[in-house]
Amino acid sequence: MTVHKLSAGDGYAYYTSEVASADELRAEGRELGDYYTVEGMPPGQWVAHSEALLGVSGEVTEAQMAALFGEGIRPDADRILAAGGTTKDVALGRPYRRYATANTELTRRLDEEIARHERTTGTAPTREERQAIRGRVGGQLFRETHGRDVRNKEELGRFITAQTTAKQQAVAGYDLVFSPAKSVSLLWALGGDEARKAVEAAHNEAIAETLSFLEQEATFTRRGYNGVRQIDVEGGLVATQFRHYDSRNGDPQLHDHVVIANKVKGADGKWSSLDGRTL
């Protein structure tokens with residue numbers, strides 16, 4: 001298992017371009033939910049104590065992801081607000097802080113190219129045209145910076161993301177990637193139905209046991225000035241689980257992304273951020 005921070009706001013770009021899109025580069029204009037529910041992959045599921053704490057279960061929707069991991073509010077905020085609820089009713093402590101967008105050589109060139117497109121065509125670029133501009137301008141700047149062309153689309157995506165993301169970002173959650181050894185994935189892929197079921201059962205058990213351990217030993221929040229005091233969490237973790245079947249190279253690689261929300265309910269009944277240092 002590996003752990004990666006998941007950022008709110010523009011910080012989503014790296015994860016949605018590679019991790020959350022079934023390890024494929026993000027297509028411009030796709031919505032957040034698309035990357036986790038990309039064609040060929042099973043839809044994400046609410047796991048851990050999501051239902052007990054927030055009343056959400058079953059398949060994860062795009063709107064739920066955007067609310068919880070994008071804004072830091074209840075995943076069913078749209079339903080609550082439509083029923084006459086208030087912002088207080090959907091709050092989970094403080095919403096995620098938004099930071100200014102990046103101001104880099106790439107962002108300036110992109111703004112210039114988009115303005116040039118609008119002057120010459122009389123219209124704003126479409127999503128496809130904007131994607132093409134980002135790829136072309138990003139590739140040019142990468143060559144100038146590194147003295148060579150990008151090796152692949154993943155390298156270009158990381159470069160563009162680094163150049164267009166604000167340096168400081170709020171943490172929206174933690175992406176726990178569970179991936180068995182390659183030999184296990186090969187057995188799962190080539191060993192027949194009985195072996196596949198056995199591998200998946202063991203894989204599921206390992207994930208469940210790990211989440212249970214983390215809830216018991218590493219799930220805390222903090223109180224007081226500068227978070228000086230660590231306190232227990234009531235109820236456990238809110239998390240979503242997404243299963244992927246292959247690696248970036250397209251070979252069999254069973255693995256799951258368990259995305260833990262950076263929102264927990266303290267023993268004092270107040271919602272706040274997870275103490276990520278312990279995790």
Side-chain angles (χ1 to χ4, degrees), residues 1-7 11-28 30-48 50 58-62 64-65 69 135 150-162 171-215 218 237-261 276 279:
M1 184 195 79
T2 59
V3 182
H4 308 276
K5 286 183 180 179
L6 182 69
S7 298
Y12 274 125
Y14 172 77
Y15 296 93
T16 55
S17 66
E18 298 184 51
V19 175
S21 56
D23 301 323
E24 295 178 357
L25 189 67
R26 173 185 181 182
E28 180 73 8
R30 296 185 67 179
E31 299 298 332
L32 178 61
D34 293 343
Y35 313 127
Y36 286 99
T37 57
V38 67
E39 185 178 357
M41 300 296 168
Q45 302 290 319
W46 289 101
V47 295
S50 301
E59 293 186 7
V60 180
T61 68
E62 173 191 323
Q64 289 172 333
M65 289 294 295
F69 293 98
V150 294
R151 295 188 179 93
N152 49 46
K153 62 183 181 181
E154 287 80 11
E155 185 175 48
L156 177 60
R158 287 193 295 269
F159 177 76
I160 292 175
T161 296
V171 176
Y174 298 87
D175 184 5
L176 277 53
V177 184
F178 293 84
S179 184
K182 177 60 71 175
S183 57
V184 176
S185 285
L186 290 175
L187 175 63
W188 165 81
L190 305 175
D193 288 342
E194 185 175 351
R196 182 175 299 111
K197 292 177 181 178
V199 169
E200 288 187 355
H203 184 58
N204 292 336
E205 184 177 354
I207 293 173
E209 288 188 358
T210 301
L211 289 179
S212 178
F213 173 81
L214 292 177
E215 287 185 320
L237 297 167
V238 174
T240 55
Q241 180 174 347
F242 302 90
R243 175 151 299 176
H244 293 163
Y245 294 137
D246 53 18
S247 69
R248 289 191 179 95
N249 296 323
D251 59 326
Q253 184 61 57
L254 174 68
H255 63 286
D256 285 60
H257 296 275
V258 176
V259 187
I260 295 175
L279 179 67

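Along the sequence shown, the residues carry numbers beginning at 1. Scope of the values below: all heavy atoms of this structure, side chains included, with no hydrogens, waters or symmetry mates.
- The main-chain N or O of Val238 is never found under 3.5 Å from a side-chain atom of Ser50 such that the two would form a donor-acceptor pair.
- At distances below 3.5 Å, at least one donor-acceptor pair connects side-chain atoms of Thr210 with backbone N or O atoms of Ala206.
- Checked against Arg243 for a side-chain contact (heavy atoms from CB on, under 4.5 Å), the options His255, Gln45, Glu200 give a single hit: Glu200.
- In terms of modelled atom types and a separation under 3.5 Å, the side chain of Lys182 and the main chain of Pro252 share a donor-acceptor contact.
- Thr240 places none of its side-chain heavy atoms less than 4.5 Å from the side chain of His257.
- The two residues Leu237 and Ala48 come nearest to each other via the heavy atoms O-CB, 3.3 Å.
- Annotation: side chain of Ile207 is not in contact with side chain of Val47 (no heavy-atom distance under 4.5 Å).
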Please test Leu254 against Val184 for side chain to side chain contact (heavy atoms under 4.5 Å, CB included), starting from the C-alpha separation and ending with a verdict.
-> CA-CA 8 Å; Leu254 174 68; Val184 176; 5.9 Å; no
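- Under a 3.5 Å cut-off, the side chain of Gln253 and the backbone N or O of Ser185 do not form any donor-acceptor pair.
- In this structure, CD on Glu209 lies 12.0 Å from CG on Leu214, to the nearest 0.5 angstrom.
- In terms of modelled atom types and a separation under 3.5 Å, the side chain of Asn152 and the main chain of Glu154 share a donor-acceptor contact.
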Go through Tyr174 and Val258 one step at a time and tell me if the side chain to side chain contact (heavy atoms under 4.5 Å, CB included) criterion holds.
-> CA-CA 8 Å; Tyr174 298 87; Val258 176; over 6 Å; no
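- In this structure, the separation between NE2 on His4 and CG on Leu176 is 9.0 Å, given to the nearest 0.5 Å.
- With rounding to the nearest 0.5 angstrom, the CD1 atom of Ile260 is 11.0 Å from the CG atom of Leu6.
- Taking 4.5 Å as the limit, every side-chain heavy atom of His203 sits out of range of all side-chain heavy atoms of Trp188.
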Kindly indicate, with the supporting measurements, whether the criterion side chain to side chain contact (heavy atoms under 4.5 Å, CB included) is fulfilled by Val150 and Phe159.
-> CA-CA 9 Å; Val150 294; Phe159 177 76; 5.8 Å; no
